[in-house]
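Bear in mind the structure is a predicted one, so any value in this text is a computation, not a measurement.
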Amino acid sequence: MSNNNVKPTEGEMEILQVLWEKGNCTVREVHEALNKKESGYTTTLKLMQIMHEKGLVDRDTSAKTHVYRALINKETTQQHLVKKMIDNVFNGSAARLVMQALGNKSASKEEIDLIKEYLDKLENK
């Protein structure tokens with residue numbers, strides 16, 4: 001299965017976030033980073049095994065402890081998920097998504113400045 005067409009679940013996205021941030025990790029390292037009190041180590045292990053079968057992660061089995069790494073790119077995955085959300089939830093309107101996002105969560109001054117800078121660049125294209 002091509003990992004370009006795979007849509008990670010919420011749990012898989014949490015694991016991918018850890019792998020993107022920390023790089024290659026064992027299941028134990030991912031589990032500890034997730035700090036999941038409601039789920040056990042074996043749940044994290046099983047999810048990562050499923051992710052391996054789906055082509056989301058690769059597993060190095062050369063040592064006793066298997067080491068996993070993300071096979072899908074963070075930015076590409078984010079772009080795909082945002083595009084899907086815009087299409088499915090906001091009827092194709094990026095403006096509605098932005099207004100909803102900014103209305104639901106306070107943005108810092110730095111974030112607002114970055115948004116303004118980005119909008120200025122778009123306007124000047």
Side-chain angles (χ1 to χ4, degrees):
M1 180 182 294
S2 169
N3 60 17
N4 293 335
N5 296 324
V6 175
K7 297 165 189 74
T9 66
E10 186 176 334
E12 291 169 346
M13 280 301 301
E14 290 176 357
I15 290 170
L16 285 168
Q17 293 287 356
V18 172
L19 293 174
W20 288 328
E21 181 183 328
K22 295 182 175 285
N24 299 352
C25 291
T26 64
V27 174
R28 171 99 28 228
E29 291 167 332
V30 170
H31 182 71
E32 289 172 358
L34 293 173
N35 199 16
K36 292 272 191 185
K37 292 183 176 34
E38 68 274 1
S39 66
Y41 170 85
T42 55
T43 302
T44 304
L45 170 63
K46 183 62 178 169
L47 191 51
M48 291 179 74
Q49 289 170 337
I50 292 168
M51 291 172 71
H52 181 260
E53 292 169 12
K54 291 170 74 173
L56 296 172
V57 298
D58 190 23
R59 176 175 62 204
D60 178 359
T61 59
S62 62
K64 180 181 176 187
T65 304
H66 297 178
V67 177
Y68 289 79
R69 70 179 176 91
L71 283 179
I72 61 174
N73 179 276
K74 179 180 181 177
E75 288 75 22
T76 303
T77 302
Q78 288 174 337
Q79 289 170 356
H80 172 75
L81 293 173
V82 168
K83 181 182 180 332
K84 185 177 175 187
M85 184 188 312
I86 290 169
D87 291 343
N88 294 339
V89 179
F90 297 97
N91 293 327
S93 173
R96 281 183 170 167
L97 169 69
V98 171
M99 289 185 289
Q100 185 70 35
L102 292 175
N104 284 343
K105 186 172 189 232
S106 296
S108 67
K109 179 175 179 357
E110 292 80 20
E111 289 174 319
I112 291 171
D113 289 343
L114 282 171
I115 292 166
K116 287 178 182 177
E117 184 180 314
Y118 184 74
L119 290 173
D120 287 343
K121 285 180 186 175
L122 285 177
E123 195 171 63
N124 293 328
K125 277 189 176 179

Using distance only, find each side-chain donor-acceptor pair of residues 83-100 under 3.5 Å and give its atom names and separation, not counting sequence neighbours.
| unit_1 | atom_1 | unit_2 | atom_2 | d |
| --- | --- | --- | --- | --- |
| K83 | NZ | D87 | OD2 | 2.9 |
| N88 | ND2 | K84 | O | 3.4 |
| S93 | OG | R96 | N | 3.1 |

Could you tell me which non-hydrogen atom of [X] sits nearest to which non-hydrogen atom of [Y], and how far apart they are?
| X | Y | value |
| --- | --- | --- |
| V18 | A33 | CG1-CB, 3.7 Å |
| P8 | I72 | CG-CD1, 4.0 Å |
| L56 | L16 | O-CD2, 4.1 Å |
| S39 | H31 | O-CE1, 3.3 Å |

When clusters are formed by joining ILVMFWY residues with side-chain heavy atoms under 4.5 Å apart, either directly or through shared neighbours, do V82 and I115 land in the same one?
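Different hydrophobic clusters.
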Joint cluster assignment, L47 & Y41, ILVMFWY side-chain distance < 4.5 Å
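Per the 4.5 Å side-chain linkage, L47 and Y41 are co-clustered.
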At what distance, to the nearest 0.5 angstrom, does [atom1] of [X] lie from [atom2] of [Y]?
| X | Y | atom1 | atom2 | value |
| --- | --- | --- | --- | --- |
| T43 | L34 | OG1 | CG | 11.5 Å |
| L45 | T26 | CG | OG1 | 10.5 Å |
| M51 | M13 | CE | CE | 9.0 Å |
| L19 | K74 | CG | NZ | 11.5 Å |
| H80 | T77 | NE2 | OG1 | 8.0 Å |
| H66 | D58 | NE2 | CG | 12.0 Å |

If you define the side chain from C-beta out and look only at heavy atoms, does anything of Q49 sit under 4.5 Å from Y68?
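Of all side-chain heavy-atom pairs linking Y68 with Q49, at least one is under 4.5 Å.
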Can you list every pair that meets side-chain hydrogen bond (donor to acceptor under 3.5 Å, both in side chains) and has a residue in residues 115-125, with sequence neighbours left out?
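Not a single pair qualifies under side-chain hydrogen bond (donor to acceptor under 3.5 Å, both in side chains).
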For the side chain of W20 and the backbone of E75, is there at least one donor-acceptor N/O pair under 3.5 Å apart?
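Flag not set: sc W20 to bb E75 has no pair under 3.5 Å.
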Identify the residue among K54, M48, Q17 that makes a side-chain contact (heavy atoms from CB on, under 4.5 Å) with E12.
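Testing E12 for a side-chain contact (heavy atoms from CB on, under 4.5 Å) against K54, M48, Q17 leaves exactly one candidate, K54.
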